[in-house]
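Throughout, residue positions are numbered sequentially from 1 according to the sequence presented. Heavy-atom basis, side chains included; hydrogens, waters and symmetry copies ignored. Just so you know, ligand 1 is whichever comes first in the structure, and atom 1 is the first atom listed for that ligand.
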Amino acid sequence: MSTQSLIDVVVRHRELQGQAVAVLTLADPAGAPLPPFSAGAHVDLHLPGGLVRPYSLCSNPGERRAYRLGVLQDPASRGGSVAVHRELREGTRLRISAPRNHFPLAEAAPYSVLVGGGIGITPMLAMAWTLHAAGTAFELHYCARSRTQAAFLDEIAAAPWAQRVHLHFDDDGAPQRLDAAAVLRAAPAGRHLYVCGPSGFMDWVMGEAAQAGLDSAQIHREYFAAPTAGTASTGEDPAFELVAQRSGKTVRVAPQQSLLDALKGLGIEVPVSCEQGVCGTCACTVLEGEPEHRDAYLTDEERAANDQILVCCSRARSPRLVLDL
Ligand code: FES
């Protein structure tokens, strides 16, 4: 695997919105245009202290003078959001990856229902800009605990697609709550759903979508955290043999060890970002054996294909796993 080329940027603007969301504007230090990106893309921030974390781009993909993203300060953070809030100020220089997109819009979809829960609104904003520019019909539902905790409200109100947005605040009472089943049933035939937010919220919306008759090809999702956290190893998992085919190396992966650590022990570095099975950065090709998938990234179809594995969190169901490394 090649090391990704990184981009030097500076924090041009930083503001706190919705009480706990740092909204950052990142730009080239010399003002040059940044690489293009498509709606749903994220970049990895290489943070002071060495952490690397992925965050969705929320700005208009047609705008290349800067990237914008929103980072919720998460009390359960493993360090990423805390580092962003504490270390990144206006003028801070940092490096980021080029944008990558694991959550793209389906080009042929005639109608899109975008649903963002909390900070899950970020990729939906970029999608709204793209769909608006393409003249494709859509509706955007933004669910948050309360108006005061919701970021991006001014930006949404000023956007040319503001009339397509429905706001749902938990503290506004039942009529304001999102009725996902009704929304999806009322949307025109051929609709596609895009959902991002807390895992319980997403599971609920996707369950409603299935009830409303959407098939899996019409449902697109991006998790911020794996539904079952900390799953790389419970310490009670069986050991298995790992073969890195191209490198000609074999190692036993111990019950309490992750695949990623075992690979490091062999001197094989795999790029990682979220390290919890949600971003797809660490995907490796499986040549033999059966993965035990513990990520929240691969679709059911991709799991069934049995040809890739996210090594930051998944393990092997078979006694031997051969990877194309
Ligand atoms: S590093 Fe994000 S899925 Fe493994």
Side-chain angles (χ1 to χ4, degrees), residues 1-6 37 40-47 49-57 69 71-72 74 76-84 95-104 119-120 122-123 195-199 202-203 220-234 237 240 242 244 253 256-266 268-286 289 291-317 321 323-325:
M1 297 239 171
S2 63
T3 306
Q4 345 165 10
S5 57
L6 298 178
F37 72 98
H42 70 272
V43 293
D44 294 329
L45 301 190
H46 289 243
L47 297 165
L51 284 174
V52 181
R53 290 289 181 263
Y55 295 101
S56 296
L57 296 174
L69 42 88
V71 179
L72 174 69
D74 178 3
S77 165
R78 294 171 304 124
S81 75
V82 170
V84 167
R95 304 184 99 189
I96 63 173
S97 69
R100 282 174 295 150
N101 199 342
H102 303 307
F103 188 39
I119 196 61
T122 50
V195 60
C196 184
S199 57
M202 291 175 61
D203 291 344
H220 311 264
R221 83 285 190 268
E222 182 165 74
Y223 284 98
F224 281 144
T228 48
T231 50
S233 174
T234 62
D237 297 307
F240 61 95
L242 168 65
V253 183
Q256 71 283 1
Q257 193 180 24
S258 73
L259 258 174
L260 193 62
D261 285 341
L263 287 166
K264 272 186 201 151
L266 292 177
I268 299 172
E269 289 290 335
V270 175
V272 293
S273 182
C274 71
E275 295 184 59
Q276 53 177 337
V278 296
C279 74
T281 303
C282 66
C284 294
T285 300
V286 175
E292 182 179 314
H293 297 291
R294 295 184 175 183
D295 63 276
Y297 174 77
L298 297 175
T299 62
D300 290 345
E301 289 78 11
E302 287 168 335
R303 284 165 198 260
N306 211 40
D307 60 358
Q308 54 182 323
I309 185 169
L310 302 183
V311 296
C312 70
C313 61
S314 296
R315 296 181 64 81
R317 219 184 277 284
L321 188 70
L323 301 183
D324 186 20
L325 286 170

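- For the residue pair Ser273 / Asp44, a side-chain donor-acceptor distance below 3.5 Å is found, with atom types taken as modelled.
- By the 4.0 Å N-to-carboxylate-O rule, Asp237 lies too far from Arg317 to be salt-bridged with it.
- The ring of His102 has its center closer than 6.0 angstrom to the ring center of Tyr297.
- With sequence neighbours excluded, no residue forms a salt bridge (Lys or Arg N to Asp or Glu O under 4.0 Å) with Glu302.
- A distance of 11.5 Å separates OG of Ser314 from CG of Leu260, quoted to the nearest 0.5 Å.
- Rounding to the nearest 0.5 angstrom, the gap separating the CG atom in Leu321 from the CG atom in Leu323 is 4.5 Å.
- By the criterion of a separation under 2.8 Å, the protein N/O/S atoms near atom 2 (Fe) of ligand 1 amount to Cys274 SG, Cys279 SG.
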